[in-house]
K.L.:
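Below: one structure in structure tokens.
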Amino acid sequence: MRAALAVLPVVAALGLAGCGGDADDVGTSGVTGTVTVFAAASLTGSFTTLGRQFEAAHPGVRVTFNFAGSSALATQITQGAPADVFASAAPRNMATVTDAGAAAGSPTVFARNQLVIAVPKGNPGGVTGLAGLTRPGVKVALCAEQVPCGAAAAQALAAARVPLTPVTLEQDVKGALSKVTLGEVDAALVYRTDVRSAAAKVDGVEFPESARAVNDYPMVVLKDAPNPTAARAFVEHVRSDQGRAVLTAAGFQPPTGS
């Protein structure tokens with residue numbers, strides 16, 4: 001989803017259908033109403049699944065999501081947008097929220113993600129690493145640097161000493177990936193999870209410098225959460241064994257030390 005920093009996107013509601021929870025889920029006691037989650041665009045697939053699981057485990061509860069670039073979401077929260085939970089794709093954007101006093105407690109890192117080069121299916125350009133992206137005529141999409149995937153790309157390119165000029169800078173990782181799937185560029189630096197979710201249309205090319213720019217994903221209940229009880233329960237569901245299984249299946253790595 002494309003989102004300008006000062007504009008709050010329409011929050012999309014999930015359906016109630018889904019699979020059930022497990023013993024790691026928080027109990028249903030006191031969990032009612034709607035819980036609104038602002039989450040990084042790269043979490044779209046996995047959090048949609050987690051939301052359906054949470055609704056199934058807590059009948060009558062409704063989960064709504066606002067998926068966008070983490071920098072846009074942080075700005076919306078600090079400007080007063082109503083939300084219960086914030087899940088960021090990088091600590092820097094979470095710090096925008098915590099420094100503004102908008103978080104209830106300390107954020108918890110629940111996953112990690114790593115960059116790959118997304119190329120059209122079959123890799124027709126024969127891209128094998130970052131250096132190949134600088135060949136004449138090769139069009140590359142990156143995320144804007146204030147977005148976590150853009151900041152990570154800048155780190156990786158610096159580590160590789162590859163001077164890369166993209167043809168477009170996107171406001172979230174889904175925007176960068178769509179440039180590849182639509183055939184508008186030859187490659188994009190996106191997360192491993194995004195390539196996995198679009199495996200029918202793109203291939204992922206791993207490159208060693210991505211290890212220099214692995215993103216931690218922190219999550220926190222917000223200070224002015226309209227539904228703090230459900231917010232805390234949703235955070236615990238994401239951190240449960242069932243939640244971690246969903247994230248791992250999507251290609252996320254576990255937090256350091258877990």
Side-chain angles (χ1 to χ4, degrees), residues 1 3-14 21 24-44 46-48 50-51 53-55 57-58 60-113 146-149 151 171-172 215-240 243-244 247 252 255-258:
M1 176 191 337
L5 294 184
V7 179
L8 175 64
V10 176
V11 177
L14 285 177
D24 293 292
D25 268 329
V26 179
T28 59
S29 176
V31 181
T32 60
T34 298
V35 56
T36 301
V37 180
F38 279 30
S42 51
L43 292 165
T44 301
S46 53
F47 265 39
T48 296
L50 290 170
Q53 289 179 348
F54 189 75
E55 290 176 336
H58 305 282
V61 172
R62 182 167 173 254
V63 183
T64 64
F65 290 105
N66 178 16
F67 293 112
S70 296
S71 58
L73 297 174
T75 298
Q76 292 163 16
I77 291 167
T78 58
Q79 290 179 348
D84 296 293
V85 176
F86 177 39
S88 173
R92 182 177 75 174
N93 304 103
M94 179 61 74
T96 299
V97 171
T98 57
D99 290 350
S106 299
T108 300
V109 174
F110 64 95
R112 309 184 86 206
N113 213 349
Q146 71 268 21
V147 182
C149 63
Q171 292 304 312
D172 62 50
N215 277 10
D216 286 330
Y217 279 55
M219 178 170 52
V220 74
V221 175
L222 296 170
K223 182 180 178 181
D224 294 328
N227 193 348
T229 300
R232 289 190 292 269
F234 181 80
V235 169
E236 288 306 311
H237 178 67
V238 173
R239 298 178 61 200
S240 72
R244 183 162 295 181
L247 292 165
F252 287 97
T256 303
S258 63

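Being a predicted model, the structure only gives us computed values, none of them experimental.
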K.L.:
How would you list, by chain and number, every residue that makes a side chain to side chain contact (heavy atoms under 4.5 Å, CB included) with Ala87, sequence neighbours excluded?
P.N.:
Ala39, Leu43, Phe47, Phe110, Met219
K.L.:
Looking only at non-hydrogen atoms, find the nearest pair between Glu55 and Val63 and report the distance.
P.N.:
OE2-N, 2.9 Å
K.L.:
If we ignore hydrogens and angles and just use 3.5 Å, is the side chain of Gln53 paired with the main-chain N or O of Gly243 as donor and acceptor?
P.N.:
no
K.L.:
Which heavy atom of Ala90 sits nearest a heavy atom of Asn215, and at what distance?
P.N.:
CB-ND2, 4.2 Å
K.L.:
Step through it carefully: locate the ring centre of Phe234, locate the ring centre of Phe54, and say whether they are under 6.0 Å apart.
P.N.:
yes
K.L.:
Test side chain to side chain contact (heavy atoms under 4.5 Å, CB included) on His237 and His58 and set out the steps.
P.N.:
CA-CA 11 Å; His237 178 67; His58 305 282; over 6 Å; no
K.L.:
As a quick check of understanding, evaluate side chain to side chain contact (heavy atoms under 4.5 Å, CB included) for Gln76 and Asn66, giving each step before the final call.
P.N.:
CA-CA 11 Å; Gln76 292 163 16; Asn66 178 16; 3.0 Å; yes
K.L.:
Is the backbone N or O of Pro91 less than 3.5 Å from a side-chain atom of Ser88, with the two atoms forming a donor-acceptor pair by type?
P.N.:
no
K.L.:
Got a second to check how far Ser46's OG is from Arg244's CZ, nearest 0.5 Å?
P.N.:
13.5 Å
K.L.:
Nearest 0.5 Å, please: how far is CZ in Phe38 from CG in Leu73?
P.N.:
6.5 Å
K.L.:
Restricting to side chain to side chain contact (heavy atoms under 4.5 Å, CB included), what partner residues turn up for Thr34, sequence neighbours left out?
P.N.:
Thr36, Arg62, Thr64
K.L.:
Search all heavy atoms of Thr96 against all heavy atoms of Thr78 and return the closest pair with its distance.
P.N.:
O-CG2, 3.7 Å
K.L.:
Tell me, please, which residues at least two apart from Asp216 pass side-chain hydrogen bond (donor to acceptor under 3.5 Å, both in side chains).
P.N.:
Arg112
K.L.:
If every non-hydrogen atom of Ala83 is compared with every non-hydrogen atom of Pro226, which pair is closest and at what distance?
P.N.:
O-CD, 3.5 Å
K.L.:
Minimum heavy-atom separation for Asn227 to Thr32, with atom names?
P.N.:
ND2-O, 2.7 Å
K.L.:
Are the side chain of Asp84 and the backbone of Ala231 linked by a donor-acceptor contact shorter than 3.5 Å?
P.N.:
no
K.L.:
List for me each residue that meets salt bridge (Lys or Arg N to Asp or Glu O under 4.0 Å) alongside Arg92, sequence neighbours excluded, and say none if there are none.
P.N.:
none
K.L.:
Just say parallel, tilted or perpendicular for the rings of Tyr217 and Phe252, cut-offs at 30° and 60°.
P.N.:
perpendicular
K.L.:
Minimum heavy-atom separation for Ala103 and Val220, please, with both atom names.
P.N.:
CB-CG2, 3.9 Å
K.L.:
Could you grab the distance from atom NZ of Lys223 to atom CD1 of Ile77, nearest 0.5 Å is fine?
P.N.:
14.0 Å
K.L.:
Taking side-chain hydrogen bond (donor to acceptor under 3.5 Å, both in side chains) as the definition, give me every residue that meets it alongside Asn93, ordered by chain and number, with sequence neighbours left out.
P.N.:
none
K.L.:
Hey, could you give me the OG/CE distance between Ser70 and Met94, rounded to the nearest 0.5 Å?
P.N.:
8.5 Å
K.L.:
Mind checking what makes side chain to side chain contact (heavy atoms under 4.5 Å, CB included) contact with Ala95, not counting sequence neighbours?
P.N.:
Thr98, Asp99
